[in-house]
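This chain uses plain numbering: 1 for the first residue, then up along the sequence.
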Amino acid sequence: MDRRMFLGAGTALAACAALPLRAGAGSTFATDIDVVRAAISIHPGALRYLSEAQLASALDELERTYLRAESLPARFLALSGVLAKLKCGHTHCNFYNQPDAIADDLFDRRTRLPFLFRWIDRQMVVTRDLSGSGRLPPGTIVTGIDGRTPAAILAALLPLARADGGNDAKRVAQMEVTGGERFPAFDIFQGLLFPPQNGLFSVAFAPPGGAPATARLPALSPEERLAAASPLPDDGTPLWSLAQREDGIAVLTMPSWVVYRSRWDWQGWLAERAPALYTARGLVIDIRGNEGGLSCGDPILARLAGEDIVLDEYRQQVRFRSFPAALDPYAVTPVPSFRTLGVGAVPLGDGFYGQDSATTPVPRIAAVSPRLTTPTVILVDASNSSATFLFALRAKEHGLATLVGAQTGGNRRGINAGAVAFVTLPGSGIEFDLPLVGYYPASPQPDRGVLPEIAVETSAADMASGRDPQMEAALAQLR
């Protein structure tokens, strides 16, 4: 979550400017640990997957490692690793929210691999060659980078990945580089842990139908990577597309729901295209690669449902009345009232506070008439978390669409999201996102994402041939 989109760039930067950056005094770095401890004490999911003893041990280890560290990268990695142990997909050292000095120091490095890739069965499979050599066509399997196997690199990076619960498929997806992001997690952590030697990578690979080979390829800068694989526009240009196939099936492609970064009227765009959905023979909604953002799927569910969708699956809980004194000076919130979410709330036990269910109206998505009866398939994958996770979950549980693809991200045991605080440490200047509201299921749920009714995987051979097996399965289902 980019705080500048909620606070305005001037407000966010002014808040950062009030904090000292990377002071040298050891006592200031000790204050960093006090701030982290205060923040975790109100984290709504800190004890969702960890016992009190495990959490205390993790924080003690962070303190030892953090205070011994002699560099900013070492502190950044130490904090990232401990936050990842919370198993919360919304708690992390957000690359997009770091102060400029931190971002320049950590991220502005010529350390990017010269290709895009996905993980398939823990193999690094090239989706696009950016090296200029022409030696890494789609479907190429990378077998080594500077003497390390990709599997070993992935194993080193996964403990730093943000994801909910035991959903490791989401962690693996976090470590793919598919283009369009300025700061892919793989790029940042690989660049800090395994930078290239003298600006070059020694890459071992096996191209489709070819013999294994090795090449020394130049590392890319962040700008070079972005120039080759541009991010989604934020200038009001539509982020989605609706295509009408010759067979009468409509395909709605939605690669992102981070529409708060754009001036685009996404609700108006959907409303204008709604009539085409009613006349289509079938509808495919492609949200693969979409981590979430705003609840852009609610208007679609409202048309598919036929009756109001009651949202009583998860209860909202917080772990504080007001921010602790040790945290308050170092946290910025988009809305001032976030700092006192627990004031006036009802004690729920185990240190949680929430609303009185007997007097609080049950939230719902109001149905829209006429009902959309077009047979619908949603293409899902491990990237889908937060809003896209909930969209897939509600569509499946209410029988509104068929899910095709792979298990989603997110977690059926609940997530931490909603209100958020942006915490900047006074010693190092590192920022991390702190969700303030936990969503807990009313009944026990499995520790995983949403499973599709039709599971379809992609292979390296599919990439080499340009096939899209998930889309093929969706179209076959609708026919």
Side-chain angles (χ1 to χ4, degrees), residues 1-5 9 12-13 73 76 80 92-119 124-138 140 142 145 150 153 157 160-162 173-196 198-201 203 217-241 253-264 288-293 381 383 431 433 463:
M1 184 177 292
D2 188 340
R3 66 175 171 185
R4 287 169 174 79
M5 299 303 164
L13 293 173
F76 185 85
S80 295
H92 60 126
C93 298
N94 194 323
F95 310 137
Y96 295 90
N97 288 344
Q98 301 306 320
D100 290 343
I102 301 291
D104 291 346
D105 198 350
L106 294 178
F107 311 153
D108 190 15
R109 301 179 175 206
R110 183 176 290 275
T111 57
R112 273 54 169 171
L113 290 175
F115 54 86
L116 307 182
F117 68 91
R118 289 186 57 195
W119 295 103
M124 178 182 278
V125 182
V126 174
T127 59
R128 186 177 171 190
D129 183 2
L130 305 179
S131 69
S133 70
R135 302 189 66 183
L136 306 173
T140 295
V142 176
I145 300 174
I153 294 173
L157 299 187
L160 301 167
R162 57 182 178 89
Q174 276 278 310
M175 293 301 164
E176 295 179 333
V177 181
T178 55
E181 287 186 86
R182 180 166 181 80
F183 299 129
F186 178 92
D187 281 350
I188 301 305
F189 294 127
Q190 167 264 323
L192 295 176
L193 291 173
F194 309 119
N198 300 317
L200 294 171
F201 290 107
V203 181
L217 301 174
L220 301 183
S221 69
E223 291 71 22
E224 288 169 336
R225 170 70 68 68
L226 281 176
S230 300
L232 293 171
D234 59 4
D235 58 358
T237 302
L239 302 182
W240 311 330
S241 64
T253 304
M254 310 175 85
S256 174
W257 286 356
V258 184
V259 291
Y260 49 77
R261 292 179 181 170
S262 171
R263 298 187 297 274
W264 174 48
R288 291 174 295 176
N290 185 337
E291 282 201 271
D381 66 10
S383 297
E431 187 274 352
D433 288 9
M463 292 185 181

Non-hydrogen side-chain atoms of Leu106 and Pro73 separated by less than 4.5 Å: yes
Audit row: Leu116, Leu130, side-chain contact (heavy atoms from CB on, under 4.5 Å) steps and yes/no: CA-CA 7 Å; Leu116 307 182; Leu130 305 179; 3.8 Å; yes
Any Met124 side-chain heavy atom under 4.5 Å of Arg118 side chain: no
Closest contact, heavy atoms only, Pro114 versus Phe201: CD-CD1, 4.0 Å
Sidechain-backbone polar pair: Trp119 side chain, Met175 backbone, donor-acceptor under 3.5 Å: yes
Qualifying residues under salt bridge (charged side-chain N to carboxylate O under 4.0 Å, His left out), relative to Arg128, sequence neighbours excluded: none
Glu223 with Arg112: basic N within carboxylate O range, under 4.0 Å: no
Salt-bridge contact Arg288-Asp381 (side-chain N to carboxylate O under 4.0 Å): no
Steps toward ring-ring contact (aromatic ring centres under 6.0 Å, His included) verdict (Phe95, Phe189): CA-CA 11 Å; Phe95 310 137; Phe189 294 127; 5.7 Å; yes
Side chain Gln190, main chain Thr111, donor-acceptor under 3.5 Å: yes
Side chain Thr140, main chain Pro137, donor-acceptor under 3.5 Å: yes
Residue pair Gln174 / Glu291, side-chain heavy-atom distance below 4.5 Å: yes
Side-chain touch Arg225/Val177, heavy atoms, less than 4.5 angstrom: yes
N/O donor-acceptor pair under 3.5 Å between Gln98 side chain and Glu431 backbone: yes
Tyr96 backbone acceptor or donor facing Asn94 side chain under 3.5 Å: yes
Separation of Leu226 CG from Ser221 OG (nearest 0.5 Å): 8.5 Å
Side-chain touch Leu200/Leu217, heavy atoms, less than 4.5 angstrom: no
Those residues that, when tested against Ser131, pass side-chain hydrogen bond (donor to acceptor under 3.5 Å, both in side chains) (two or more places apart): Asp129, Ser133
Val259 vs Trp264 side-chain heavy atoms within contact, under 4.5 Å: yes
Derivation and outcome, side-chain contact (heavy atoms from CB on, under 4.5 Å), residues Leu157 and Leu193: CA-CA 9 Å; Leu157 299 187; Leu193 291 173; 3.7 Å; yes
Within-4.5 Å side-chain heavy-atom neighbours: Val142 and Phe115: yes
Donor-acceptor under 3.5 Å (Trp240 side chain, Trp257 main chain): no
Interatomic distance, Ile188 atom CD1 to Phe183 atom CZ [nearest 0.5 angstrom]: 6.0 Å
Which atom of Arg109 lies closest to which atom of Pro222, heavy atoms considered: O-CD, 3.3 Å
Gap separating the CG atom of Asp105 from the CZ atom of Phe76, nearest 0.5 angstrom: 11.0 Å
Pairwise distance CZ(Phe117) to OG1(Thr178) - rounded to 0.5 angstrom: 9.0 Å
Atom pair OG (Ser262) and CG (Leu239), whose distance is rounded to the nearest 0.5 Å: 5.0 Å
CG on Leu192 to CG on Asp187, rounded to 0.5 Å: 10.5 Å
Min side-chain heavy-atom separation Phe186-Ile153 under 4.5 Å: yes
